[in-house]
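Note: hydrogens, waters and symmetry copies are ignored here, and every other heavy atom, side chains too, is used.
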Number of protein chains: 2
Amino acid sequence: MKEEIQLFRKTLNRLSNLSNDSFDKLYSILEFRSLKKKEFLIKEGEICRNLYFVNKGMVRTYLIQDGIEVTTWVALAGNFDTSAHSFFKGIPSLTNLQAITDCELIFISKNAYEQVLSTLPEGKDLALNILQEYYINLENMFYSCLSLPALERYNKLGELFPEHFKCVPQKYLASMIRVKEATMSRLRKKLSQPDTEEV
Amino acid sequence: MKEEIQLFRKTLNRLSNLSNDSFDKLYSILEFRSLKKKEFLIKEGEICRNLYFVNKGMVRTYLIQDGIEVTTWVALAGNFDTSAHSFFKGIPSLTNLQAITDCELIFISKNAYEQVLSTLPEGKDLALNILQEYYINLENMFYSCLSLPALERYNKLGELFPEHFKCVPQKYLASMIRVKEATMSRLRKKLSQPDTEEV
DNA sequence: GGTAAAAATTGATGTAGGTCAACAACATTT
DNA sequence: AAATGTTGTTGACCTACATCAATTTTTACC
């Protein structure tokens with residue numbers, strides 16, 4: 001198998017049992033794209049017409065509220081990514097998707113996606129499994145940013161998304177748990193210091 | 001058609017084109033349950049084995065963080081409801097689902113759900129559409145509670161979920177936008193007063 | 001390898017919304 | 001219709017985190 005497609009195939013295997021035949025069909029409609037760091041996949045207001053798979057690099061989702069960028073997610077290599085509301089409903093995206101490293105993406109258009117659903121026997125199961133997984137991810141992000149104090153949100157993020165914790169730059173992690181970079185830095189300092197005193 | 005099933009049928013029609021034949025098959029496996037106000041559908045730690053439809057009343061989802069109840073959603077009549085992570089993955093629920101009025105529920109078990117997916121021709125499309133809609137709802141809840149100040153979160157909730165705004169008690173709305181009841185009351189007061197002065 | 005840009009740290013100060021507590025307005029039960 | 005519980009309002013005070021700004025550290029680029 002072509003080398004650049006192995007991660008993709010592996011991910012699909014995790015999500016569903018795709019026959020070789022089906023995979024070959026799917027493969028024939030895949031498209032490819034590279035992004036330089038800081039380039040945009042989608043900007044707010046545009047309609048997101050593709051479902052992406054991050055083959056290399058990281059893509060962050062953020063929106064702007066009261067003039068401030070709020071990062072809501074970072075898609076790591078080996079995961080699907082899109083602006084869901086925009087892709088599924090064909091409405092303008094509320095969010096921006098931006099490469100935070102150089103990236104290699106695999107993607108299919110909405111049309112191709114619908115073709116996959118209607119022609120591949122495993123297509124709908126695959127889509128259901130992807131959606132389920134992403135729904136649960138979103139729940140986790142949501143639940144971990146509710147009413148906990150900043151330090152606990154920080155720890156929770158580490159628990160739930162250890163991979164992100166390792167590779168995503170601090171400033172984006174900070175934004176994901178809704179604290180400012182300065183506060184984030186203080187949290188880290190507090191955690192690294194061998195418990196001075198707490199009165 | 002039986003009266004008690006009309007809202008359910010109407011909702012399914014909105015989400016997918018279910019043939020009469022398929023609907024009859026589906027109907028034959030539906031189960032029914034009533035809940036008194038304050039009764040629980042699911043408690044944290046239990047495994048949620050059913051997919052519910054709220055036929056009458058309201059069910060709220062909440063979790064407890066640092067000893068405080070945080071309401072994350074209220075399912076109004078005419079909508080599906082479950083503890084998604086628990087139902088789909090068969091793991092203990094992080095959330096509690098509690099009736100906030102007397103309720104009438106229609107539900108199917110996980111087994112029945114899988115039967116629907118594999119036997120009804122429209123089953124998977126239906127499931128996909130439900131999941132899509134709920135994913136987008138969750139995104140909306142998530143995005144509207146990010147970094148906006150309390151007053152803007154309040155307004156946003158009103159925009160995005162006008163039905164909820166009308167029928168859900170203040171204390172739950174407050175919790176949904178992550179403010180305390182006291183603060184919520186002050187927000188409402190501020191909005192109702194004909195702009196005294198803002199310096 | 002030197003310079004510029006980006007990311008992270010630290011200090012001083014400010015404030016939105018939390019906390020606590022008392023009370024008022026409704027609802028529900030008997 | 002009295003009693004009890006639930007929900008919403010208001011006041012006085014407090015604190016976790018934001019803000020602003022200066023500096024250091026790290027990374028990226030001719």
Side-chain angles (χ1 to χ4, degrees), chain A residues 35-39 57-58 60 62 64-71 74 98-103 144-157 164-193 196 198-199, chain B residues 36-39 57-58 60 62 64-71 74 98-102 144-157 164-193 196 198-199:
Chain A
L35 279 186
K36 287 278 168 206
K37 181 172 175 171
K38 293 196 183 165
E39 279 188 306
M58 297 188 254
R60 88 176 165 119
Y62 72 92
I64 296 188
Q65 288 194 337
D66 286 354
I68 295 165
E69 289 187 4
V70 187
T71 298
V74 173
Q98 186 190 31
I100 58 177
T101 63
D102 292 353
C103 286
S144 58
C145 285
L146 294 175
S147 294
L148 297 170
L151 185 61
E152 294 181 45
R153 296 207 296 278
Y154 179 83
N155 287 329
K156 192 131 221 163
L157 192 72
H164 288 75
F165 225 52
K166 270 181 263 165
C167 25
V168 176
Q170 293 306 318
K171 56 183 235 169
Y172 301 131
L173 290 179
S175 184
M176 285 170 82
I177 61 167
R178 232 108 311 134
V179 298
K180 289 289 126 83
E181 287 177 72
T183 303
M184 184 78 160
S185 175
R186 293 183 177 107
L187 294 179
R188 290 159 58 72
K189 191 179 183 185
K190 186 182 273 183
L191 283 172
S192 70
Q193 278 169 4
T196 34
E198 297 177 25
V199 188
Chain B
K36 287 277 168 207
K37 183 172 174 171
K38 294 197 182 166
E39 280 189 306
M58 297 187 255
R60 88 176 164 117
Y62 72 92
I64 296 187
Q65 288 196 337
D66 285 354
I68 294 166
E69 289 187 5
V70 187
T71 298
V74 174
Q98 185 190 33
I100 59 176
T101 62
D102 291 356
S144 57
C145 286
L146 294 176
S147 296
L148 297 171
L151 185 61
E152 295 180 45
R153 296 207 296 278
Y154 179 83
N155 287 327
K156 192 131 221 162
L157 192 72
H164 288 76
F165 226 52
K166 270 182 263 167
C167 27
V168 176
Q170 293 306 318
K171 56 184 236 170
Y172 300 131
L173 290 179
S175 184
M176 285 170 82
I177 61 167
R178 232 108 308 134
V179 298
K180 289 290 127 80
E181 287 177 73
T183 303
M184 184 76 160
S185 176
R186 291 182 179 108
L187 294 180
R188 290 158 58 73
K189 191 179 182 186
K190 186 181 273 183
L191 283 173
S192 70
Q193 277 169 3
T196 34
E198 297 177 22
V199 188

Handout entry: Nucleotide nearest Ala150(A) (side chain, heavy atoms from C-beta), chosen from dG17(C), dC17(D), dG8(D)
Key = dC17(D)
Handout entry: OP1 or OP2 of dT10(C) under 4.0 Å from side-chain N/O of Lys189(A)
Key = yes
Exercise for the section: Could you walk me through whether Ile177(B) and Leu173(B) pass side-chain contact (heavy atoms from CB on, under 4.5 Å), step by step? Expected result: CA-CA 6 Å; Ile177(B) 61 167; Leu173(B) 290 179; over 6 Å; no
Handout entry: Between dT10(C) (C1') and Lys190(A) (NZ): distance, integer Å
Key = 15 Å
Exercise for the section: Show your reasoning for whether side-chain contact (heavy atoms from CB on, under 4.5 Å) applies to Glu152(A) and Gln65(B). Expected result: CA-CA 10 Å; Glu152(A) 294 181 45; Gln65(B) 288 196 337; over 6 Å; no
Completion exercise
Closest of dG17(C), dC17(D), dA8(C) to the Gln170(A) side chain is dA8(C)
Exercise for the section: Show your reasoning for whether side-chain contact (heavy atoms from CB on, under 4.5 Å) applies to Leu191(A) and Tyr154(A). Expected result: CA-CA 10 Å; Leu191(A) 283 172; Tyr154(A) 179 83; 3.3 Å; yes
Fill in the blank from the handout: Numerically ordered, the residues 173-183 of chain A set in heavy-atom contact under 4.0 Å with DNA chain C is Ala182(A)
Practice task
Ignoring backbone atoms, test whether Lys37(A) places a side-chain nitrogen or oxygen under 4.0 Å from the OP1 or OP2 oxygen of dA6(C).
Solution key: no
Handout entry: Atom-pair distance (NZ on Lys171(B); P on dT6(D)), nearest Å
Key = 8 Å
Exercise for the section: Report the distance from atom CZ of Arg153(B) to atom C1' of dA16(C), rounded to the nearest whole Å. Expected result: 10 Å
Handout entry: Length of the line joining Lys38(A):NZ and dC29(D):P, which is rounded to integer Å
Key = 9 Å
Fill in the blank from the handout: Tyr154(A) OH to dA8(C) C1', in whole Å, measures 12 Å
Practice task
Ignoring hydrogens and angles, tell me if any N or O in the side chain of Arg153(A) forms a donor-acceptor pair with the backbone of Leu148(A) under 3.5 Å.
Solution key: yes
Problem - side chain to side chain contact (heavy atoms under 4.5 Å, CB included), paired with Thr101(A), selected from Lys36(A), Met58(A), Lys38(A) - result: Met58(A)
Completion exercise
With Glu69(A) as partner, the option from Lys171(A), Gln98(A), Arg60(A) fulfilling side-chain hydrogen bond (donor to acceptor under 3.5 Å, both in side chains) is Arg60(A)
Problem - Rounded interatomic separation in angstrom, taking NZ from Lys36(A) and P from dA28(D) - result: 13 Å
Problem - For Ser144(B), side chain to side chain contact (heavy atoms under 4.5 Å, CB included) partners two or more places apart - result: Lys156(B), Leu160(B)
Problem - Separation of atom CG in Leu187(B) from atom P in dG8(D), rounded to whole Å - result: 14 Å
Exercise for the section: Could you tell me whether the phosphate oxygens of dT9(D), OP1 or OP2, come under 4.0 Å of any side-chain nitrogen or oxygen in Arg188(B)? Expected result: yes
Practice task
Grab the CZ-P distance between Arg186(A) and dT19(D) for me, whole Å please.
Solution key: 12 Å
